[in-house]
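The basis for the numbers below is simple: all heavy atoms, side chains too, and nothing from hydrogens, waters or symmetry mates. This structure is a prediction, so every number in the text was calculated from the model and none was measured.
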Amino acid sequence: MHDKIKHLIDMLDIGKLESFSWLGSGYVSHAYEVRTSSGAYVLLEQKKGAGSSADYTYQYAVLKCLENKKYRHAPKPIYLSSDGKTLLLTKVQGKALNKLRDVSNEDKKTIAINVADALMALQTIHPKDVEQALKAFGLEMPAAMNDASGWDKYVINTFYPYKDSAPEDAQAAWIEKQIDGFKRPNPIPKNLYFEHGDPNGENTLIGPDLSVTFIDWELAGFFKYAENGQDYELSYIMNDVPLMNELRDDVLEYVAKKQGLELDHFKSIIFKRRNVTKIGDIAWAFMMYTKASNGNAPDKPEVYKKVLDTRIKEYKSEFV
């Protein structure tokens, strides 16, 4: 691996290689920290068995778009291999939001507000900006999702195709009961907004100055909302990160005031979408556990089984 990284650094002319180290593995990627005489970078490599899900071309194009639009809350893309399986980014100096410890109440509030501002700042990204960036890499603009298509993608399509092949301990019957008992959202026709797609506690990095950077943009895209119906992905991150949930009243009041929204209506949107998020979380873990059990996922079944059991235990009291 050393020779491969050294060749890449020499080719890009970004200083002399000083060191590299393994950062860890995600569901589809191996990550390395690369330090050169000019700075620090993160190298992502496709994980064996990950297949097309680890093609970084879309993410690279999105990050190029964000860089051109001077969006300050994303790493800068440096290099993409021709096969889309290697991606080099600037390294963000910061700690994952869900791993912060011993934070003062004052800093907690500052962080929560900064996260909200970073999510709201994505409104500056317009369809023509992203479409132009994708076209440069031969990619087409994905169809914008709405509540109904989001429900289908993150719940229906991650559960029903795998139901019959799921292991017996996957609690498929209970999960199906939750899906069938939840009223499917109606399609919503207007108001496009660009979103990160997965702003969880691992993907939200907080810098020493309490600045915010989001990583892992492969799910970014446009979402359709009715007038005054957008949640700015706050329901998602509040569901995932205790710090954001703890400061939810302050954050929602701040966002509602900044966006000119009626506070009670905004709160009702957030809490309704949190239940959708929870069911989607469970359905995804169920799908990955089933795929791994059948040899079609890059990690072992027990990795996903732990996630599935944890989410069901955490959410079970809130469902039927």
Side-chain angles (χ1 to χ4, degrees), residues 55-80 84 87 89-90 92 113-154 185-200 203-205 211-238 244 251-252 254-262 265-266 269-270 273 276-277 280:
D55 188 318
Y56 301 116
T57 307
Y58 178 80
Q59 184 174 181
Y60 183 84
V62 166
L63 289 171
K64 273 293 184 186
C65 175
L66 295 176
E67 182 182 18
N68 292 337
K69 295 295 290 183
K70 299 184 175 7
Y71 179 77
R72 300 182 294 108
H73 308 286
K76 295 184 185 305
I78 304 299
Y79 167 78
L80 174 74
L87 177 63
L89 309 167
T90 55
V92 178
I113 295 300
N114 287 350
V115 169
D117 276 330
L119 290 170
M120 286 189 288
L122 286 171
Q123 292 179 96
T124 62
I125 310 302
H126 301 292
K128 62 180 177 58
D129 302 322
V130 179
E131 186 172 25
Q132 184 177 4
L134 294 177
K135 190 176 292 185
F137 293 90
L139 301 176
E140 294 185 2
M141 182 83 130
M145 289 201 302
N146 55 36
D147 280 344
S149 59
W151 177 262
D152 287 345
K153 180 177 180 180
Y154 294 114
N186 293 319
I188 297 176
K190 56 183 179 178
N191 293 358
L192 281 177
Y193 295 94
F194 191 72
E195 295 186 345
H196 176 277
D198 191 18
N200 59 45
N203 290 342
T204 306
L205 303 184
S211 60
V212 176
T213 304
F214 298 114
I215 59 173
D216 293 348
W217 289 82
E218 64 266 22
L219 297 179
F222 285 92
F223 207 100
K224 292 181 182 179
Y225 289 96
E227 187 175 1
N228 294 335
Q230 187 187 14
D231 74 337
Y232 306 97
E233 298 187 279
L234 289 170
S235 59
Y236 185 98
I237 199 165
M238 286 178 178
M244 294 299 295
V251 171
L252 296 183
Y254 172 79
V255 173
K257 183 176 181 180
K258 192 165 185 176
Q259 297 296 332
L261 304 173
E262 198 277 318
H265 173 70
F266 186 46
I269 291 171
I270 295 294
R273 289 187 62 82
V276 174
T277 298

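Y225 and E195 form a side-chain donor-acceptor contact under 3.5 Å, judged by distance and modelled atom types alone.
Taking S235 as the reference, D231 meet the side chain to side chain donor-acceptor pair (under 3.5 Å) condition, with sequence neighbours excluded. Not a single side chain to side chain donor-acceptor pair (under 3.5 Å) links T277 to another residue, sequence neighbours left out. For V255, the side chain to side chain contact (heavy atoms under 4.5 Å, CB included) test picks out A116, M120, Y232, L234, V251, Q259, F266, with sequence neighbours left out. Residues meeting the ring pair (Phe, Tyr, Trp, His ring centres under 6.0 Å) test with F222, sequence neighbours left out: F194. Legend: residues meeting side chain to side chain donor-acceptor pair (under 3.5 Å) with Y58, ordered by chain and number and at least two apart, are absent. Scored by the side chain to side chain donor-acceptor pair (under 3.5 Å) test, N114 finds no partners at all (sequence neighbours excluded). Partners of F214 by ring pair (Phe, Tyr, Trp, His ring centres under 6.0 Å), not counting sequence neighbours, listed by chain and number: H196.
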- Task: Test side-chain contact (heavy atoms from CB on, under 4.5 Å) on Y60 and L89 and set out the steps.
- Result: CA-CA 9 Å; Y60 183 84; L89 309 167; 5.6 Å; no

- Message: One pair to check against side-chain contact (heavy atoms from CB on, under 4.5 Å): L252 and M238. What are the steps and the verdict?
- Response: CA-CA 11 Å; L252 296 183; M238 286 178 178; 3.7 Å; yes

- Message: Under the criterion side-chain contact (heavy atoms from CB on, under 4.5 Å), I'd like the reasoning laid out for V276 against Y154: C-alpha separation, chi angles, the key distance, then a yes or no.
- Response: CA-CA 9 Å; V276 174; Y154 294 114; over 6 Å; no

Review item, side-chain donor-acceptor pairs of residues 124-143, under 3.5 Å, at least two apart:
{"from": "T124", "atom 1": "OG1", "to": "A121", "atom 2": "O", "distance (Å)": "2.9"}
{"from": "D129", "atom 1": "OD2", "to": "H126", "atom 2": "N", "distance (Å)": "3.0"}

Side chains of residues 61-79: which donor-acceptor partners sit under 3.5 Å, not counting sequence neighbours?
{"from": "N68", "atom 1": "ND2", "to": "K64", "atom 2": "O", "distance (Å)": "3.2"}
{"from": "Y71", "atom 1": "OH", "to": "A118", "atom 2": "O", "distance (Å)": "2.8"}
{"from": "H73", "atom 1": "ND1", "to": "V212", "atom 2": "O", "distance (Å)": "2.9"}

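Of the inter-residue distances, the one linking L122 atom CG with E233 atom CD reads 7.0 Å to the nearest 0.5 angstrom.
Of the possible donor and acceptor atoms, none in the side chain of E218 sits under 3.5 Å from a partner among the backbone N and O of Y56.
Taking every heavy atom of both residues into account, K224 and L192 meet most closely at CG-CD2, 3.5 Å.
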